Amino acid sequence: MSGSGFNKKITAIFAFLVIASFGLGCGVPSGNGGESGSGAPVDGVKSPSHDYSSLLNKANQNGSVRIIVILNQLGGALGAPDSAANIDSVNQLQNSFLSSIAGLNVSNIKRLRFSPFIAMEVDSAALNGIINSPLISQIEEDIPIPATLSQSGPLIGADNAWSSGYTGSGQTVAILDTGVESSHAFLSGKVVSEACYSTTSVSYGSTTVCPNGQSSQVGVGAAGIGSCYGQCDHGTHVAGIAAGLDPGGLGYSGVAKGANIIAIQVFSYFATYCSGSPCALSYTTDQLLGLEQVYSLRGSYNIAAVNMSIGGGYYSSQASCDSANTTTKAKIDQLRAVGIATVISSGNDGYTTGMSAPGCISSAISVGSTCDYSGTYCTAQDSVATYSNSASFLSILAPGSLITSSVPGGGYQSWHGTSMAAPQVTGAWAVLKQLSPSASVDSILATLQSTGVSITDSRNSVTKSRIQLDAAVGASASAQIQTPTPGSTLSGANVTFTWSTVSGATYYVWIGTSVGAYDIADSGTWQSGSSQAFTGLPTDGSTVYVRLWTTISGQYNYNDYTYTAASTGATITSPTPGSTLSGSSVTFTWSSVSGATYYLWIGSSVGTYDITHSGTWQSGTSQAFTGLPTDGSTVYVRIWTLSGGQYYSNDYTYTAASTASVITAPAPGSTLSGGNVTFTWSSVSGATYYLWIGSSVGTYDIAHSGTWQSGTSQAFTGLPTDGSTVYVRLWTLNGGQYYSNDYTYTAGP
């Protein structure tokens with residue numbers, strides 16, 4: 001930062017002080033659209049911000065409604081979602097909830113393993129009881145929604161990618177759809193895992209299509225199509241587009257012809273639900289179970305992406321979509337966190353300002369449809385198909401008209417739809433993951449977007465990229481630096497660079513004072529590893545230029561990056577960066593830099609000083625501040641160092657102190673006196689309190705307060721007396737903010 005720029009800001013301080021496919025579509029009910037909850041307890045535990053009137057009306061009119069209940073898991077997941085600790089925590093929450101509603105009329109219960117979600121069918125009385133339960137955070141409707149090659153392969157450059165040796169080999173794609181005919185010649189030997197999640201509901205008129213007649217099945221044959229009453233051709237067609245392989249004589253294959261397939265049937269058969277006609281629709285719950293199955297298989301297969309050519313409803317923004325589809329977003333987020341993309345069709349309603357769910361979810365990869373010919377639905381080749389949903393937040397485009405692929409019975413048909421576009425992207429994902437196995441979802445999406453063909457939708461003037469796989473392969477053949485984050489400030493003179501890997505490649509790093517120079521350092525030799533440590537880098541705040549070379553099959557490619565050299569700015573030593581401040585009065589201390597002076601900013605966002613600031617430059621290494629917030633918010637601190645005429649800064653974040661109450665008796669950590677115990681706690685002005693008592697941290701399966709109260713004590717009876725550990729959480733609601741403190745006790749004799 002220049003001195004003049006900083007002086008302008010300092011002057012300002014003092015101035016302030018002075019003054020889916022058409023074939024399976026049918027009418028689809030929209031979601032409840034409620035906003036997501038805060039996760040903190042209100043009137044027991046749940047947030048009161050949700051409007052469930054539409055669900056209650058539906059239950060009254062139809063006699064019942066299918067719902068997904070999101071239970072409070074305020075402590076969050078205990079480790080990885082599929083860890084034993086988290087699964088046990090979720091199971092305890094679900095058991096506690098089911099016990100609490102034992103007298104209500106509920107049926108068709110389905111439990112998620114990795115998240116505190118539980119689905120069921122309820123009448124209006126049961127729904128009312130669940131809405132008022134202190135154990136829930138939110139309720140969603142379990143909505144049934146519909147499913148939403150030879151010409152397209154050359155158009156997107158798949159054949160060129162294959163000729164370079166990239167076919168998706170070693171990768172697997174998951175197809176959540178209407179099942180897959182694994183015996184089809186186009187898919188022979190490709191289906192490596194199968195599962196089925198389907199629902200029988202008398203009131204909805206749906207019947208499970210799992211071959212065993214149950215609501216779930218895992219194993220060979222589970223995702224077959226034999227029980228779908230002629231309504232389940234869709235999944236076989238989608239699977240072929242993504243990963244089909246020419247058995248000989250066709251002249252075309254799927255995009256990732258070398259990839260394998262995980263087939264998961266998530267549809268149910270509805271006899272009359274779709275305007276009196278039979279149809280296949282997928283409940284949200286069955287999709288969630290399918291996504292969990294994919295997550296659980298990630299250690300057995302190299303899963304590149306999940307394909308969901310499914311969609312219903314209308315959402316004009318990702319924010320409203322995320323709010324109304326909390327459970328599905330949670331599952332997509334879990335997969336994305338482990339490098340698995342969820343690719344979803346945008347829908348076939350012709351919307352130009354929105355998309356259907358679940359493709360509209362912000363962490364999904366949404367796919368609209370273009371044309372690989374001129375004709376029905378298509379004004380020209382590479383135009384956006386007139387049926388395709390489109391919006392500013394659409395991720396990418398791919399050909400969806402007319403796409404030839406496998407159908408049950410051994411045949412092939414050409415279909416239109418965003419259902420056909422999504423698996424093109426899923427297949428492309430597998431090809432790029434073969435090339436760069438460690439590439440993140442973000443980096444592959446960025447590659448497909450930056451190398452694609454720009455197409456403007458004439459209906460709304462929105463321009464998006466249509467995938468061009470051969471160009472993406474060419475770009476991905478260059479490894480990309482992952483750490484330090486490109487554009488960031490280096491941590492010091494000794495830095496280790498890491499990068500993504502490209503199958504069969506070797507790498508070389510240049511570090512210089514200008515683009516393409518290596519006057520600071522270089523690798524010294526080509527290497528096959530994915531990291532290298534360098535020493536002696538500058539620490540003067542200058543710009544450092546890094547070039548990462550990749551050579552593969554005799555071809556040389558490179559990517560350039562810039563960094564800022566570490567500076568000799570002071571660093572805060574106390575309070576510990578990232579910690580919670582002790583109160584409203586805090587003394588900050590920092591390291592000393594010879595001959596330097598310092599200035600501190602404290603603000604409500606990065607680089608601001610709207611809370612307080614030093615007031616003047618100083619040579620000392622500590623300063624006391626008063627009047628800091630005590631609301632548990634994030635506090636941003638920037639320490640400026642003026643050294644040798646140069647300005648350096650380092651940023652830190654802290655959590656403001658919170659005014660949470662603390663238990664005073666029984667003494668925390670002590671042994672309880674028996675089964676009847678009175679807990680007392682400190683008083684916080686204007687606050688109310690709620691107590692949980694459970695058998696593990698953050699649970700309330702032993703007892704809870706039942707309601708918020710302003711008093712500072714409460715008696716409980718029936719506590720265990722078996723010497724076990726008892727966990728107590730005291731909640732404080734103060735000034736609209738929720739705070740908690742946890743304690744452990746030993747059950748008394």
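We number each residue from 1, following the sequence as shown. The shown structure was predicted, so the numbers you read here are calculated from the model rather than taken from an experiment.
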TODO: Measure the shortest side-chain to side-chain distance between I70 and I139 over non-hydrogen atoms and say whether it is less than 4.5 angstrom.
DONE: no
OG of S366 to CD1 of I344, rounded to nearest 0.5 Å, is 8.5 Å
- Message: Working note: V294 + L176, criterion side-chain contact (heavy atoms from CB on, under 4.5 Å); need CA distance, chi angles, decisive distance, verdict.
- Response: CA-CA 9 Å; V294 174; L176 269 63; 4.0 Å; yes
Heavy atoms of A158 and L469 approach each other most closely as CA-CD2, 4.1 Å
Q318 meets the side chain to side chain contact (heavy atoms under 4.5 Å, CB included) criterion, sequence neighbours left out, with S362, F393
* Residue pair S201 / E121, side-chain donor-acceptor N/O under 3.5 Å -> yes
Does some side-chain heavy atom of M120 sit less than 4.5 Å from a side-chain heavy atom of N108?
-> no
Any carboxylate oxygen within less than 4.0 angstrom of a Lys/Arg side-chain nitrogen, looking at R113 and D82? no
| field | Minimum side-chain heavy-atom gap C274-L281 below 4.5 Å | value | yes
*Modelled atom types, side-chain donor and acceptor of S53 and D51, under 3.5 Å*: yes
Between the CD atom in Q424 and the CZ atom in R466, the distance rounded to the nearest 0.5 Å is 9.5 Å
OG1 (T426) and CD (Q171) are apart, to the nearest 0.5 Å, by 13.0 Å
- Any chance the side chains of T483 and T498 put a donor and an acceptor closer than 3.5 Å? yes
Separation between OG (S115) and CG (L93), nearest 0.5 Å, reads 11.0 Å
Give a yes-or-no answer on whether the side chains of N260 and T172 include a donor-acceptor pair shorter than 3.5 Å. no
Pair S89-N91, side chain to side chain donor-acceptor pair (under 3.5 Å): steps then yes or no: CA-CA 5 Å; S89 173; N91 188 54; over 6 Å; no
Residue set satisfying salt bridge (Lys or Arg N to Asp or Glu O under 4.0 Å) with D88, at least two apart, ordered chain then number -> none
Next on the checklist: Could you tell me if T353 and Y314 have a donor-acceptor pair between their side chains, going purely by distance under 3.5 Å?
Outcome noted: yes
Q | Check: N325/T327 side-chain N/O donor and acceptor closer than 3.5 Å | A | no
- Query: Do we get R111 above F117's six-membered ring, with its NZ or CZ under 6.0 Å from the centre and within 45° of the axis?
  - Reply: no
Can a donor-acceptor pair be found, under 3.5 Å and without considering hydrogens, that links the side chain of S488 to the backbone of P484?
no
Correct closest heavy-atom pair for A479 and S500 would be CB-O, 3.1 Å
Rounded to the nearest 0.5 angstrom, the OG-NZ distance for S363 and K329 is 4.0 Å
Item to complete: Establish, yes or no, whether a centroid distance under 6.0 Å links the rings of Y295 and F114.
Response: yes
So CG of D457 and OG1 of T386: to nearest 0.5 Å the spacing works out to 10.0 Å
**Report entry** Any side-chain heavy-atom pair of T370 and I455 under 4.5 Å
**Finding:** yes
Check: Any donor and acceptor pair, going by atom type alone, linking the side chain of S193 with main-chain N or O of I262 inside 3.5 Å?
Finding: no
ask   = Between T328 and Q287, is any side-chain donor less than 3.5 angstrom from a side-chain acceptor?
value = no
- Query: Does F267 offer a backbone N or O that forms a donor-acceptor pair with the side chain of Q265 under 3.5 Å?
  - Reply: yes
For this session: Show your working on side-chain contact (heavy atoms from CB on, under 4.5 Å) between T608 and Y636 and close with a plain yes or no.
Result: CA-CA 8 Å; T608 62; Y636 298 84; 5.5 Å; no
Query raised in the report: Do W415 and S405 touch side chain to side chain, with heavy atoms closer than 4.5 Å?
Result: no
Modelled atom types, side-chain donor and acceptor of N389 and S346, under 3.5 Å = no
Considering only heavy atoms from C-beta outward, does the side chain of V306 approach that of V343 to under 4.5 Å? no
Check: Q334/R336 side-chain N/O donor and acceptor closer than 3.5 Å:
no
| message | Please check this pair: side chain of D177 against backbone of M308, looking for a donor-acceptor N/O pair closer than 3.5 Å. | response | no
Heavy-atom nearest pair, G400 first then M420, reads O-CB, 3.9 Å
Margin query: I'd like to know if the side chain of Q468 reaches the main chain of L448, judged simply by a donor and an acceptor atom lying under 3.5 Å from each other, with no hydrogens or angles considered.
Written below: no
*asked:* Quick check against the 3.5 Å criterion: does S388 have a side-chain atom that pairs as donor or acceptor with the backbone of S369?
replied: yes
* Are the side chain of S206 and the backbone N or O of S268 linked by a donor-acceptor pair below 3.5 Å? -> no
Heavy-atom donor-acceptor pair, S395 side chain to I365 backbone, under 3.5 Å = no
field: N/O donor-acceptor pair under 3.5 Å between K464 side chain and S392 backbone
entry: yes
All heavy atoms of G427 vs all of V255, minimum pair found to be C-CG1, 3.7 Å
Between I130 and V69, does a side-chain contact (heavy atoms from CB on, under 4.5 Å) hold up when you go through it step by step?
CA-CA 8 Å; I130 292 170; V69 178; 4.0 Å; yes
S83 side chain to N86 backbone, donor-acceptor under 3.5 Å: yes
Mind checking whether L127 and I67 have side chains closer than 4.5 Å, heavy atoms only?
yes
The single option from D142, D286, T285 that satisfies side-chain hydrogen bond (donor to acceptor under 3.5 Å, both in side chains) with K110 is D286
Exercise for the section: May I have the step-by-step check of side-chain contact (heavy atoms from CB on, under 4.5 Å) for V441 and W429, ending in yes or no? Expected result: CA-CA 9 Å; V441 172; W429 220 276; 3.9 Å; yes
Smallest heavy-atom separation, V635 atom then A656 atom, equals CG2-CB, 3.9 Å
Q. So do the side chains of N72 and I136 get within less than 4.5 Å of each other, counting heavy atoms only?
A. no
Self-check item: Residues T418 and Y387: side-chain donor-acceptor under 3.5 angstrom
Solution: no
Next on the checklist: If we count only N and O atoms by modelled type, under 3.5 Å, do the side chains of S320 and S323 hold a donor and an acceptor together?
Outcome noted: no
With sequence neighbours left out, the residues meeting salt bridge (Lys or Arg N to Asp or Glu O under 4.0 Å) with K331 are E292
Between V473 and L435 the two heavy atoms that sit nearest each other are O-CD2, 3.3 Å
